[in-house]
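Following: one structure in structure tokens, then a few remarks.
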2 protein chains.
Amino acid sequence: MAKTTAARKSKAAAPRQEHTTETPDALGARSNPLDGVIGYKVRRAQVAIFQDFIHHFKEVDLRPAEFSVLRILHETPGLKHAEVAGMLGIKRTNFVSLMDALEKRGLATRRKSGTDRRSHALHLTPKGEALLGEAMKLFETHENGLIRKLGGEEVRDQLLELLSRITEE
Amino acid sequence: MAKTTAARKSKAAAPRQEHTTETPDALGARSNPLDGVIGYKVRRAQVAIFQDFIHHFKEVDLRPAEFSVLRILHETPGLKHAEVAGMLGIKRTNFVSLMDALEKRGLATRRKSGTDRRSHALHLTPKGEALLGEAMKLFETHENGLIRKLGGEEVRDQLLELLSRITEE
DNA sequence: TATTGTTATACTCTATAACTATA
DNA sequence: TATAGTTATAGAGTATAACAATA
């Protein structure tokens, strides 16, 4: 691997394993000084995963965020806009068009809440439940492909745990 | 529902203790069915890292991709558009405006190549080298913060290795 | 013919301000 | 006053088609 530029000295105790992977100088991928950069690697992985997702989900025409909304509303029906947006990690203002699209396709609905007439209780329609069923099969294929690449479910769990350390605070 | 989201008892990846955070059902962060999804976690981590990057790089006004270009041209001067774009993982057509901005700020230059007059040899200016020097210090701070969160450089290397398994193929 | 840089364009994702209707 | 949903808008990031100069 590429020894991130200079400073790599701190904590002399850390055993420096040499890791002799001779990364090939392929087409658009010559070895570059970014290979040891966490953000770069995470972004490249995210792009690769989302592309694979889109590829697998072509027949149900769902993007990652849309699929996530369906899953959330399936697991916890009746949530409000702000709640679902929060779980997705997007602004509530950007959730509107997302929910519009799902409603327009007849996959989800907004019901006026009885307790607070400002908010909406969000639910899947039967058609939404049916499409989610289809989508879950495609998701299994997609996710299992990733798990296989990683080396199994335990490695997957290990990766998720490491990523949580970055996200948590 | 998901079979993949089951079994979650793997031992932590690295030399780091159990960290008994009883994940609070905080503001926009109630426990949700996406927590075991690789793509979701990777995306959340990527967003968090980039936000932290932007925050640290405010005083040099460089976004991740721009900083990456400076680093690449510092390490390997004379590369062509298509080569740098390939290392960044973006289309060459989208690299043009990125390079335009760097050139307009006087940080990098395009020189006509002698061997192939279609292409440009890209170089940093002295001003670009100087700004990169400043930026590298900010980068160290940013990156060291991530490494500390992860639990050390070995854990970082472990994460990079797992992410490579996804990207490689 | 193929490739390099380029323009134009469009679509997605994200971010901010301000409005409305409720509370 | 504050909150939930909404609209409008602007900025990045990414994708495709097509063109001129050069190979």
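Keep in mind that the numbers below use all heavy atoms, side chains included, and drop hydrogens, waters and symmetry copies. A, B, ... follow the sequence lines: proteins, then strands. Residue 1 opens every chain.
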Between [atom2] of [N] and [atom1] of [X], the distance in whole Å:
| X | N | atom1 | atom2 | result |
| --- | --- | --- | --- | --- |
| B/Phe95 | C/dT3 | CZ | P | 20 Å |
| A/Lys112 | C/dA23 | NZ | C1' | 13 Å |
| A/Phe50 | D/dG13 | CZ | P | 17 Å |
| A/Arg111 | D/dG5 | CZ | C1' | 18 Å |
| B/Glu103 | C/dT6 | CD | C1' | 13 Å |

For B/Asp61, check side chain to side chain donor-acceptor pair (under 3.5 Å) against everything at least two apart and list the hits.
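B/Asp61: no side chain to side chain donor-acceptor pair (under 3.5 Å) contacts found.
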* To do: Could I get the full list of salt bridge (charged side-chain N to carboxylate O under 4.0 Å, His left out) partners for B/Arg117, not counting sequence neighbours?
  =>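 Listed in chain order: nothing, the list is empty.
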* To do: Please name all residues satisfying salt bridge (charged side-chain N to carboxylate O under 4.0 Å, His left out) with B/Arg118, sequence neighbours left out, ordered by chain then number.
  =>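 Per chain and number, B/Arg118 pairs via salt bridge (charged side-chain N to carboxylate O under 4.0 Å, His left out) with B/Asp116.
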- Task: Pull out every residue in residues 54-70 of chain A that has a heavy atom closer than 4.0 Å to any atom of DNA chain D, ordered by number, or say none.
- Result: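 Within residues 54-70 of chain A, no residue comes under 4.0 Å of DNA chain D.
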- prompt: Toward the 5' end of DNA chain D, which comes first, B/Leu98 or A/Met99, by nearest nucleotide?
  reply: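 On the 5' side of the pair lies A/Met99.
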- prompt: Quick one: on DNA chain D, does A/His81 or A/Arg43 contact a more 5' nucleotide (nearest heavy atom)?
  reply: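 First, find each residue's nearest nucleotide; the 5'-ward one identifies A/His81.
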Show every donor-acceptor pair shorter than 3.5 Å between a side-chain atom in residues 124-135 of chain A and any protein atom, with sequence neighbours excluded, or say none if there are none.
{"from": "A/Thr125", "atom 1": "OG1", "to": "A/Gly106", "atom 2": "O", "distance (Å)": "2.5"}
{"from": "A/Thr125", "atom 1": "OG1", "to": "A/Leu107", "atom 2": "O", "distance (Å)": "3.2"}
{"from": "A/Thr125", "atom 1": "OG1", "to": "A/Lys127", "atom 2": "N", "distance (Å)": "3.4"}
{"from": "A/Thr125", "atom 1": "OG1", "to": "A/Gly128", "atom 2": "N", "distance (Å)": "2.9"}
{"from": "A/Lys127", "atom 1": "NZ", "to": "A/Arg105", "atom 2": "O", "distance (Å)": "3.1"}
{"from": "A/Glu129", "atom 1": "OE1", "to": "A/His74", "atom 2": "ND1", "distance (Å)": "2.7"}
{"from": "A/Glu134", "atom 1": "OE2", "to": "A/Lys137", "atom 2": "NZ", "distance (Å)": "3.0"}

Heavy-atom contacts, protein to nucleotides 15-23 of chain D, under 4.0 Å, summarised as B (base), S (sugar-phosphate only) or - (none) per nt, yield BBB---BBS
Residues that A/Arg148 engages under side chain to side chain contact (heavy atoms under 4.5 Å, CB included), provided they are two or more places apart: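 Side chain to side chain contact (heavy atoms under 4.5 Å, CB included) check on A/Arg148 returns nothing, list empty.
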Worksheet entry | salt bridge (charged side-chain N to carboxylate O under 4.0 Å, His left out) pairs, two or more places apart, involving residues 37-53 of chain A |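 Residue pairs passing salt bridge (charged side-chain N to carboxylate O under 4.0 Å, His left out), neighbours aside: none found.
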| request: Could you name each residue pair satisfying side-chain hydrogen bond (donor to acceptor under 3.5 Å, both in side chains) that touches residues 86-95 of chain B, not counting sequence neighbours? | output: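 Listed by first then second residue: nothing to list.
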Open item on the list: I'd like to know if B/Glu75 pairs up with B/Arg71 as an ion pair, taking the criterion as any Lys NZ or Arg NE/NH1/NH2 lying under 4.0 Å from an Asp or Glu carboxylate oxygen.
Closed with: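 No, B/Glu75 and B/Arg71 are not salt-bridged.
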